[in-house]
Every structure is written in C-alpha cells, then in structure tokens.
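These notes concern the structure reproduced below.
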Amino acid sequence: MRRTFRRVLVLGVAAAVAAVPACSSSSDDSGGAADGGSKIEVFSWWTGPGEEDGLNAMIADFKAKNSGIEFINAAVSGGAGSNAKAILAGRLQAGDPPDSYQRHAGLELQDDIKASKVQDITYLYEQQGWKDVFPQGLVDKLTIDGKIYSVPVNIHRSNLLYSNPKVLSEAGIGAPPKTWTEFLGQAETLKSAGRIAISIGPVWTQKHLLENVLLGELGADRYERLWDGRLSWTSSEVLAALETYKKVLSYSDISAASADWQPALDKLIDGAAAYNVMGDWADAYLSGTKKLTLKQGYDVVASPGTDGVYNFLSDTFTLPVGAKNKAAAEKWLVECGSKAGQDAFNPKKGSIPARKDADRSLYKGYLAGALTEWQKPSTRIVGSLAHGVVANNAWNAEIDTALGLFARDGDVAKFAASVQKSWEATK
Ligand code: GAL
C-alpha cells in the first residue's frame with residue numbers, strides 16, 4: 001500500500017487537478033419527487049461536539065447548491081459508529097436503506113460490496129474526474145473487480161497522543177513519551193501525583209489504544225503482518241506487545257471508563273488525566289469545541305513509537321442498493337467528493353481532505369502539520385483496526401468480544417489465542 005499511496009501522492013502534488021464544482025451534473029439530472037430527487041436521507045454517526053460541525057458545514061454547502069432537495073440528517077450518536085452500525089445493519093437487513101451511509105474505506109466497506117449492499121458508482125468517478133484527485137491507494141480500498149463503490153471525504157490519523165501540558169509540567173515531566181516503556185515510567189510518576197496517566201472510554205476506544213500500542217511496540221512492518229496472517233497473535237513478540245498494552249491499561253481509568261471519547265478527553269482537559277490516545281477528530285474537539293490553544297491548553301504528538309507513521313482511516317459515503325432517492329443521493333456524493341465540500345468539512349472535522357488539491361491555507365494548527373506529514377514521501381502509511389481498514393467486520397466484532405473479556409480478566413495468552421482463532425474463522 002505504501003508505495004502506491006506515495007507514487008500517487010507525488011503525482012498529485014506535482015500536478016494538482018483542477019477543482020470540479022460540487023454542483024456539476026450527475027448521471028441523473030431529472031430530479032423531482034417522481035424519481036426521488038426531492039429529498040435525501042444521509043446516515044452517519046456525526047452528532048457529537050467536534051463531529052457534527054464538520055458534517056453541518058458540508059450539509060450547508062450541499063443545500064446552497066441543491067436548494068430544492070430536503071436534507072434528512074439521520075445521524076446516530078456514539079463514537080466510531082458504536083450505535084449507528086447496528087442500527088444501519090438492521091435497516092439494510094429490512095430493505096430500508098438510507099439514501100447514503102457512512103462507511104470506512106478498507107475491509108469494512110469491502111464486506112458491503114461483497115454482500116451487494118452498495119452500488120457501483122464508477123460512473124460518478126468518470127464524470128467528476130475523481131480518479132485523478134484521490135490517491136490510488138485509497139481508491140483501491142473502495143474497489144472490487146475494477147468497480148468503485150464509495151466516495152472518500154477525508155483522511156484521519158489514528159496514532160495520536162494528546163496531553164495536558166500543565167499536568168505534565170506539575171509532575172515534572174518534560175515532554176510526552178517517545179516509547180511505551182518511557183510512558184510506563186511517566187505513568188508511575190503521574191500515579192504518585194494522583195493523576196490518571198491515560199484516560200479511556202468504551203471498548204472501541206480500548207481497541208483504538210490497542211492498535212497503537214501494537215504499532216508502537218511491533219513497528220509498521222510487523223503491525224501490517226498482524227492483519228493478513230503473516231504474524232501470529234500468539235507469537236512471543238505479539239504476546240510481549242500485549243503485555244505492554246496490559247500495563248498501559250493498568251495506569252488508565254478503565255474501572256471508571258468514560259461513556260465516549262469526548263468525556264474521556266474532558267478528563268484530560270480538566271487535569272484529572274495526563275494523556276489520551278485518539279484520532280485527530282479529538283483535535284477538532286479540543287481546538288474547535290473547547291477553544292484550547294495547541295501547545296498551551298493541550299498538545300498532540302505521534303503516539304509512542306510511531307513517529308513518521310500515519311495510521312490512517314478514511315470516512316466514505318455510499319449509494320446503497322435500493323436507495324429510494326437515487327438522484328439526490330448522487331448529488332450528495334458529488335458534494336462529498338468535491339473540493340468545496342471537502343474544504344468545508346475537513347477543517348471543522350479535524351481531518352485532512354481525501355482530495356489531493358485541497359486549499360492548504362484552510363488547514364491550520366495541527367491540521368497543517370498533518371497535511372504535510374500525509375504528503376511527505378518518507379511517511380509510512382498503515383491502516384487502522386478500530387476504524388475498518390485492516391480487518392473485516394466479523395473479525396472486528398470477535399476482537400471486540402475478546403477485548404471486553406480481556407478488560408475483566410487481563411489474560412494475555414487467552415486474548416491472543418482467541419484473536420488468532422477468530423482470524424482463522426473469519427478470513
Ligand atoms: C471514526 C470516524 C471518525 C470519527 C470517529 C469518532 O470511526 O471515522 O470520523 O467520527 O470515529 O466518532
């Protein structure tokens with residue numbers, strides 16, 4: 001993946017493709033109630049602070065360009081789609097799909113393609129010139145048999161360590177840790193100072209932390225081998241990384257875990273906790289919603305052991321089979337893939353655009369660095385577990401169950417054996 005992404009990024013930077021207006025015509029210009037062009041229902045999980053601002057910005061741009069279409073925002077609360085995905089599954093099962101729904105690029109989407117839940121939208125890519133504006137490595141994750149099935153709106157980074165600088169300095173800690181071993185040393189100091197070293201939330205946030213401890217401890221090469229069976233979860237090196245994860249968790253507030261990622265960050269903001277590992281949607285929450293200043297109110301660096309690595313995920317929107325308002329859904333997808341839509345959405349969402357021709361001046365603070373890092377030829381790109389890139393839905397669900405048990409019994413060998421067994425069963 002790394003080489004493909006890089007090659008395409010280089011080409012993209014060298015010859016940024018001209019913007020395609022979001023209001024360009026789609027394959028169906030007829031619109032109107034008769035063919036389902038008068039309204040659209042869009043399903044996502046962006047309801048919370050720091051998330052819905054981005055979505056609302058893109059909806060506003062869509063409405064300005066499609067004034068005749070009623071927009072139904074069917075977002076369901078719960079970070080990482082923790083509630084939305086189950087509700088969506090029920091609707092798809094019942095043959096009642098929304099007109100467009102959010103899915104992560106990678107194996108999460110590939111499940112839907114294989115199950116014929118989403119329509120081929122290669123024609124939109126051709127009409128809108130998208131094949132030239134998105135990184136090829138990303139488009140590959142939306143493609144089966146040469147047909148493309150969704151439109152990416154962004155690139156998020158999973159491997160970030162947030163901190164409260166005041167808490168660190170009061171504890172005599174000069175800088176965030178570069179390795180998990182260093183983190184554990186700091187955690188002991190923080191514990192003695194009466195602080196939670198690292199705040200945590202529900203199971204998906206524990207999985208988010210797990211992937212980044214594994215990445216930091218194993219390195220990018222071995223991390224990638226975890227997802228295709230080349231590295232056994234029961235090998236001594238993975239067991240050692242899982243022991244580190246267990247130690248990290250022992251310095252967390254898992255016994256009083258927060259209900260979602262925002263309240264887990266609130267503990268960092270109010271000084272109860274020093275650190276939190278979360279994706280860059282947290283930067284939008286801290287700098288946008290909470291109006292904190294980077295470096296003073298909070299800091300963000302690559303999670304321990306992952307400097308130079310971009311653990312990526314991408315939110316995309318689909319055209320479900322059986323969408324009742326197909327013409328309007330195509331217009332929404334055009335919005336999602338447009339430069340204007342992406343540049344409205346991403347600065348507020350805390351992500352960088354999937355398109356290569358973004359207006360860089362709009363990406364400030366943390367996001368300016370993220371854009372540079374993503375486009376740097378030396379950056380190593382790997383995919384997120386918790387956000388659908390590297391594991392299919394069945395395996396991800398098994399890992400959730402095993403992780404729930406692990407949080408209670410702390411049995412590393414049992415957890416590893418169970419994840420390995422479920423890989424065999426679900427591959
Ligand atoms: C991810 C999603 C992000 C953000 C996050 C927290 O799965 O890709 O856009 O919404 O969950 O809810």
Side-chain angles (χ1 to χ4, degrees), residues 42-59 73-88 100-109 111-112 138 141-142 150-160 162 199-212 258-266 276-286 288-289 300 310-318 336 341-342 344-354 366-367 370 374 383-393 396-397 399-400:
V42 173
F43 190 95
S44 76
W45 57 81
W46 294 328
T47 63
E51 310 244 70
E52 66 179 357
D53 293 347
L55 178 60
N56 285 341
M58 192 157 59
I59 293 174
N73 181 356
V76 172
S77 67
S82 39
N83 304 318
K85 285 178 179 176
I87 290 172
L88 177 65
S100 183
Y101 65 81
Q102 178 186 358
R103 268 293 187 243
H104 288 122
L107 295 191
E108 184 181 300
L109 173 73
D111 275 358
D112 285 7
L138 178 56
K141 300 209 168 308
L142 316 173
S150 74
V151 183
V153 286
N154 66 0
I155 302 291
H156 267 306
R157 188 176 187 182
S158 155
N159 57 316
L160 295 171
Y162 293 87
S199 62
I200 199 84
V203 171
W204 77 262
T205 68
Q206 296 163 30
K207 188 162 65 173
H208 186 113
L209 176 63
L210 170 69
E211 71 183 34
N212 290 309
S258 298
D260 212 336
W261 63 271
Q262 294 100 332
L265 278 161
D266 290 343
N276 184 268
V277 169
M278 198 31 64
D280 39 15
W281 46 91
D283 187 79
Y285 181 63
L286 295 168
T289 313
V300 52
Y310 214 105
N311 189 3
F312 103 101
L313 56 126
S314 172
D315 295 303
T316 78
F317 280 88
T318 59
C336 291
Q342 300 214 348
F345 172 75
N346 287 296
K348 290 202 156 68
K349 179 65 168 68
S351 40
I352 55 170
Y366 158 79
L367 285 177
W374 171 250
S384 167
L385 165 69
H387 307 281
V389 185
V390 292
N392 64 27
N393 296 322
N396 241 316
I399 295 174
D400 287 345

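Residues: numbered from 1 along the sequence shown. Ligands are counted one by one from 1 in listed order, and the atoms in each one are counted from 1 as well.
Expressed to the nearest 0.5 Å, how far CG of L367 lies from NZ of K349 amounts to 11.0 Å. How far NZ of K85 is from CZ of F43: 11.0 Å, rounded to the nearest 0.5 Å.
Within ligand 1, counting atoms from 1 as listed, the ones closer than 4.0 Å to a heavy atom of H156 are 3 (C), 9 (O). Every atom of ligand 1 is numbered from 1 in the order shown, and the set under 4.0 Å from a heavy atom of W261 is 6 (C), 12 (O). Short contacts between ligand 1 and G79, defined as distances under 4.0 Å to a heavy atom of the residue, involve ligand atoms 12 (O). Heavy-atom proximity to H104, at under 4.0 Å, picks out these atoms of ligand 1: 1 (C), 2 (C), 7 (O), 8 (O).
Looking at S314, its side chain never comes within 3.5 Å of a backbone N or O of I155 through a donor-acceptor pair.
Neither the backbone nor the side chain of N154 comes within contact range of ligand 1; no heavy atom lies under 4.0 Å.
No N or O atom of L313 sits closer than 3.5 Å to an N or O atom of ligand 1.
Of all protein heavy atoms, the one closest to atom 4 (C) of ligand 1 is E51 OE1, 3.3 Å. Taking atom 3 (C) of ligand 1 as the reference point, the nearest protein heavy-atom neighbour is K349 NZ, 3.5 Å. For atom 1 (C) of ligand 1, the nearest non-hydrogen atom of the protein is H387 ND1, 3.3 Å. Annotation: atom 2 (C) of ligand 1 to nearest protein heavy atom, D315 OD1, 3.4 Å.
Ring pair W204/W281 is tilted by interplanar angle, where 30° to 60° counts as tilted. Relative orientation of the H208 and H387 rings is perpendicular, given thresholds of 30° and 60° on the angle between their planes.
Within 6.0 Å of the NZ atom in K348, the count of heavy atoms belonging to other residues, nucleotides or ligands does not exceed 12.
D315 and N154 share a side-chain donor-acceptor pair at under 3.5 Å.
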